[in-house]
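Keep in mind that this is a model prediction, so the values were computed, not measured.
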Amino acid sequence: MKAPIVPAAALMNAPVDGAELPDPAADTAPHAEWREDARRLIGELFQRSPAIYWVDFLASTSLAWAFGALYMLADGWSAWQLVGLLGASVFFFRAGTFIHEIVHMPARQMVGFKRAWNALIGIPLLMPWIMYRNHTEHHNHRLFGTPADGEYLPLASSPIGETIKYLAQAPLLPLFQLVRFGVLAPLSWLFPRFREWVLTRASAAVSNPYYRKRFPRRDERHLKMVEALCFAYLVVLGVLTWRGVIEARHLGRAYILVALTLALNWVRNLAAHRYGNDGRGMTLAQQVEDSINITGQTWLTVVLFPVGLRYHALHHMFPALPYHNLGRAHQRLMEGLPADSPYRSTNRASFFAGVRELWVSARRTSRPQSSMQRWSAPTPRT
């Protein structure tokens with residue numbers, strides 16, 4: 001669940017034009033050699049184990065729905081209801097983060113797993129994995145850290161108020177999803193011009209509200225199919241509520257559960273990168289150095305960084321590494337790379353260490369022309 005799994009740009013209208021691109025020659029030979037040395041240390045760890053994926057995902061999903069049932073059926077404001085809410089949000093978050101693995105898989109690999117994820121998590125939570133297809137752009141060093149990157153905001157180089165505004169969106173994330181699939185989707189089927197707007201402004205899972213890029217035409221059929229499934233799911237919920245099978249209080253509880261689940265990822269995202277770039281293109285080396293590994297072994301790390309998300313710098317070095325091998329790969333790199341390796345600079349002791357670094361940097365930024373203003377300002381087209 002790298003970037004927040006919600007079309008946050010759905011109600012936004014700010015355009016994004018081309019960003020300055022880095023000089024390809026800036027990715028120097030020493031960096032290329034360092035990355036190749038790292039690859040040699042972890043060569044056989046790129047092999048994906050479907051069995052591990054299935055067991056982990058099904059176990060996480062089963063626990064999520066079990067805790068969810070407890071939360072829905074428990075007496076209001078009871079201890080059991082709180083246990084159900086916390087347990088369900090943690091395990092739905094864990095099961096949901098497999099979307100990050102899915103978008104990095106080859107198109108024809110583990111197709112059954114992708115369909116199962118949509119059936120058990122993607123459709124019920126209104127977050128089908130195809131909406132996260134844009135995530136691969138986040139690994140393009142010509143787009144990473146620029147306004148064209150849907151998962152990057154220059155929070156560390158902008159006033160602290162921008163971080164507060166970012167966090168304030170968390171309770172609204174389920175509302176964005178309801179509007180996207182319950183209102184925008186069916187209307188766009190009827191009006192072709194509006195469909196183009198939806199495909200350009202509201203069909204990507206992003207945290208950068210200024211992101212604008214049309215959904216790939218080759219995947220439109222897939223998108224429309226999952227849109228129909230999500231809309232049918234909402235219609236069924238509406239009918240069951242109208243007939244009294246589902247009570248309004250259950251819908252309220254469901255909203256709170258989904259909001260908390262998505263908020264876990266929203267907050268976790270604060271320690272995924274340093275977020276200090278001002279919008280210019282970055283080299284691959286700079287992309288890795290802007291990313292963060294959380295090395296501490298605390299309960300908070302386990303909750304906030306499931307399915308390998310704690311090794312975010314390592315993931316940006318080698319996006320194809322499966323999550324179940326990231327820990328072993330990190331250990332080998334720490335043992336095998338030289339003491340002055342840039343990779344070591346990406347490690348932080350805890351989530352709080354990463355957030356503290358961002359917060360301190362943002363508090364020092366008070367200049368009127370902040371990086372965020374450059375992000376939101378339209379660039380003249382040439």
Side-chain angles (χ1 to χ4, degrees), residues 2-3 19-43 45-46 100-101 103-104 134-146 148-157 207-208 268-296 301 305 307-323 325-351 353-355 357-358 361 371:
K2 158 66 190 152
E20 293 182 34
L21 299 180
D23 178 3
D27 255 339
T28 60
H31 169 69
E33 293 175 0
W34 160 63
R35 191 167 182 269
E36 286 307 309
D37 288 342
R39 181 182 290 276
R40 281 191 288 270
L41 289 170
I42 60 174
L45 297 181
F46 287 86
H100 183 247
E101 292 291 308
V103 297
H104 283 292
N134 62 287
H135 171 71
T136 55
E137 299 171 1
H138 184 56
H139 289 272
N140 184 327
H141 75 275
R142 288 180 172 269
L143 301 178
F144 177 87
T146 74
D149 181 351
E151 299 183 52
Y152 195 100
L153 284 173
L155 298 177
S157 57
S207 55
N208 170 14
R268 188 277 309 172
N269 202 40
L270 289 175
H273 295 284
R274 298 172 65 185
Y275 298 112
N277 193 43
D278 63 359
R280 295 179 177 86
M282 303 173 72
T283 66
L284 178 58
Q286 291 169 333
Q287 174 183 337
V288 172
E289 291 169 356
D290 189 87
S291 306
I292 293 175
N293 288 330
I294 303 297
T295 57
T301 300
F305 298 89
V307 191
L309 290 177
R310 61 188 294 238
Y311 300 108
H312 209 66
L314 175 56
H315 172 67
H316 273 267
M317 277 179 65
F318 302 113
L321 266 176
Y323 83 98
N325 284 338
L326 287 172
R328 292 166 60 195
H330 175 72
Q331 183 176 359
R332 288 190 190 180
L333 294 181
M334 293 302 293
E335 293 173 353
L337 291 176
D340 61 349
S341 168
Y343 180 73
R344 297 180 184 275
S345 69
T346 68
N347 296 330
R348 301 293 183 276
S350 67
F351 166 78
V355 173
E357 184 178 313
L358 183 154
S361 179
S371 295

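Counting heavy atoms from C-beta outward, Leu321 and His104 have side chains that stay 4.5 Å or more apart. Taking 4.5 Å as the limit, every side-chain heavy atom of Tyr152 sits out of range of all side-chain heavy atoms of Gln287. Looking at Asp149 and Glu137, their side chains never come closer than 4.5 Å, going by heavy atoms from C-beta outward. Between Gln286 and Thr283, the closest side-chain pair of non-hydrogen atoms falls below 4.5 Å. Looking only at side-chain heavy atoms (C-beta outward), Met282 and Asn277 come within less than 4.5 Å of each other. A 4.5 Å side-chain heavy-atom check between Phe46 and Phe318 finds at least one atom pair inside the cut-off. Using a 4.5 Å cut-off on side-chain heavy atoms (C-beta onward), Arg39 and Glu36 make contact. Within the 4.5 Å cutoff, side-chain heavy atoms of Tyr343 are placed close to those of Met334.
Here the shortest heavy-atom pairing between Asn293 and Leu314 reads OD1-N, 3.4 Å. The two residues Met317 and Ala38 make their nearest non-hydrogen contact at CE-CB, 3.7 Å. Heavy-atom minimum distance, Thr346 versus Val288: CG2-O, 3.5 Å. When all heavy atoms of Arg274 and Glu289 are compared, the pair lying nearest together is CD-O, 3.4 Å. Between Tyr275 and Leu270, the closest heavy-atom pair is CE1-O, 3.7 Å. Closest non-hydrogen pair, Ala156 versus Ser361, comes out as O-OG, 2.6 Å.
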Exercise. Start with the C-alpha gap between Ile42 and Arg328, add the side-chain angles, then the distance that decides, and say whether side chain to side chain contact (heavy atoms under 4.5 Å, CB included) holds.
Key: CA-CA 8 Å; Ile42 60 174; Arg328 292 166 60 195; over 6 Å; no
Quiz item: Would His138 and Leu143 satisfy side chain to side chain contact (heavy atoms under 4.5 Å, CB included), going step by step from the backbone distance to the final call?
Solution: CA-CA 7 Å; His138 184 56; Leu143 301 178; over 6 Å; no
Practice problem: Could you give me the CA-CA distance, side-chain angles and deciding distance for Leu333 and Arg344, then say whether side chain to side chain contact (heavy atoms under 4.5 Å, CB included) is met? | Solution: CA-CA 9 Å; Leu333 294 181; Arg344 297 180 184 275; over 6 Å; no
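Aromatic rings from His273 and Phe144 are positioned such that their centres are separated by under 6.0 Å.
Here NE2 of His141 is found 11.5 Å from OG1 of Thr146. Values are rounded to the nearest 0.5 Å. From Leu41, atom CG reaches atom CD of Glu335 across 9.5 Å, with rounding to the nearest 0.5 Å. Rounding to the nearest 0.5 Å places OG1 of Thr301 at 12.0 Å from CG of Leu309. Atom CG of Asn347 is separated from atom CZ of Arg310 by 9.5 Å, given to the nearest 0.5 angstrom.
Using a 30° and 60° split on the angle between ring planes, His139 and His100 fall in the tilted class, from 30° to 60°. Taking the six-membered ring where the residue is Trp, His135 and His315 present parallel rings, their angle staying beneath 30° rather than reaching 60°.
The backbone N or O of Leu45 sits less than 3.5 Å from a side-chain atom of Asn325, completing a donor-acceptor pair. Under a 3.5 Å cut-off, the side chain of Ser345 and the backbone N or O of Pro342 do form a donor-acceptor pair. Not a single donor-acceptor pair under 3.5 Å links the side chain of Ser291 to the backbone N or O of Ala313.
Residues His316 and Tyr311 bring no donor and acceptor atom of their side chains to less than 3.5 Å of each other.
Heavy atoms of other residues, nucleotides or ligands lying less than 6.0 angstrom from CZ of Arg348 number more than 12.
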